[in-house]
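Notes follow once the structure below has been shown.
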Amino acid sequence: MILFKQIELLQRIHRLINASCTGTPEEFARRMRISERHLREIIVEMKDLGAPIEYSRRNETYYYKEPFEIDISCTFQRLSDKDQKNISAGITFLTNFSFTAFFVP
């Protein structure tokens, strides 16, 4: 599933930034197997969500300016018939799940 691949990618990016061992943007993107442009878009989005990401030209790495953690959780649960009716006005779907993601600055 694309969703889980995106979550895994974000977790890998976070681990490397947290360890301050990303390398240059080009190296980092290659390591993540994405384009530099995609990497920059992800970093901008993370910054917009409160991640204090900086880049050190001297050390050639992204790093967090202050301690920062990302907590992503995903919960799947079967819905009761009553819950299904409340959510979908009586229409039954083959797959029902709920998703919650938390970004904790």
Side-chain angles (χ1 to χ4, degrees):
M1 282 183 112
I2 293 173
L3 172 64
F4 295 117
K5 287 183 182 180
Q6 292 296 330
I7 290 171
E8 181 184 326
L9 175 64
L10 185 58
Q11 289 172 331
R12 288 177 26 227
I13 288 171
H14 169 67
R15 276 193 306 270
L16 289 172
I17 292 173
N18 202 36
S20 299
C21 62
T22 65
T24 65
E26 181 182 338
E27 293 167 342
F28 193 19
R30 191 174 334 112
R31 192 173 189 180
M32 295 294 100
R33 296 185 178 138
I34 58 176
S35 69
E36 271 188 77
R37 180 178 177 175
H38 189 192
L39 175 66
R40 290 181 198 279
E41 289 171 351
I42 291 170
I43 289 173
V44 166
E45 190 169 347
M46 289 174 71
K47 285 181 174 185
D48 289 346
L49 291 169
I53 299 172
E54 299 286 334
Y55 181 75
S56 169
R57 290 177 192 231
R58 187 173 123 194
N59 297 326
E60 294 185 332
T61 189
Y62 286 97
Y63 65 98
Y64 289 120
K65 194 165 82 172
E66 56 193 54
F68 184 78
E69 195 59 48
I70 296 176
D71 179 22
I72 301 172
S73 63
C74 183
T75 305
F76 291 85
Q77 69 185 97
R78 181 173 222 105
L79 299 176
S80 69
D81 290 339
K82 181 181 176 184
D83 289 336
Q84 286 181 26
K85 288 179 182 174
N86 288 337
I87 292 172
S88 60
I91 299 171
T92 302
F93 296 99
L94 294 176
T95 306
N96 294 299
F97 69 92
S98 66
F99 172 76
T100 307
F102 297 97
F103 294 93
V104 181

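Note that the structure is predicted; figures quoted are calculated from it, not measured.
Taken from NZ in K47 to CD in E54, the straight-line distance is 6.0 Å, to the nearest 0.5 Å. One distance of note links CZ of R40 with CD1 of I42; it measures 12.5 Å at 0.5 Å rounding.
Follow the hydrophobic side-chain contacts under 4.5 Å out from L9 and you reach I7 in the same cluster. By the rule that hydrophobic residues join a cluster once side-chain heavy atoms approach within less than 4.5 Å of another member, Y64 and I43 end up as members of one cluster. Linking Ile, Leu, Val, Met, Phe, Trp and Tyr residues whenever their side-chain heavy atoms come within less than 4.5 Å leaves Y63 and I53 in two separate clusters.
Proximity of F68 to N18: side-chain heavy atoms (C-beta onward) are nowhere separated by under 4.5 Å. Counting heavy atoms from C-beta outward, R15 and R12 have side chains that approach closer than 4.5 Å.
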For residues 21-28, dump all side-chain donor-acceptor pairs below 3.5 Å to protein atoms at least two apart in sequence or in another chain.
| from | atom 1 | to | atom 2 | distance (Å) |
| --- | --- | --- | --- | --- |
| T22 | OG1 | T61 | OG1 | 3.1 |
| T22 | OG1 | Y62 | N | 2.8 |
| T24 | OG1 | E27 | N | 3.1 |
| T24 | OG1 | E27 | OE1 | 3.4 |
| E26 | OE2 | R30 | NH2 | 3.3 |
| E27 | OE1 | T24 | N | 2.9 |

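Dense packing is recorded around CD of E41, with more than 12 heavy atoms of other residues, nucleotides or ligands lying under 6.0 Å away.
The two residues M46 and I70 make their nearest non-hydrogen contact at CE-CD1, 3.6 Å.
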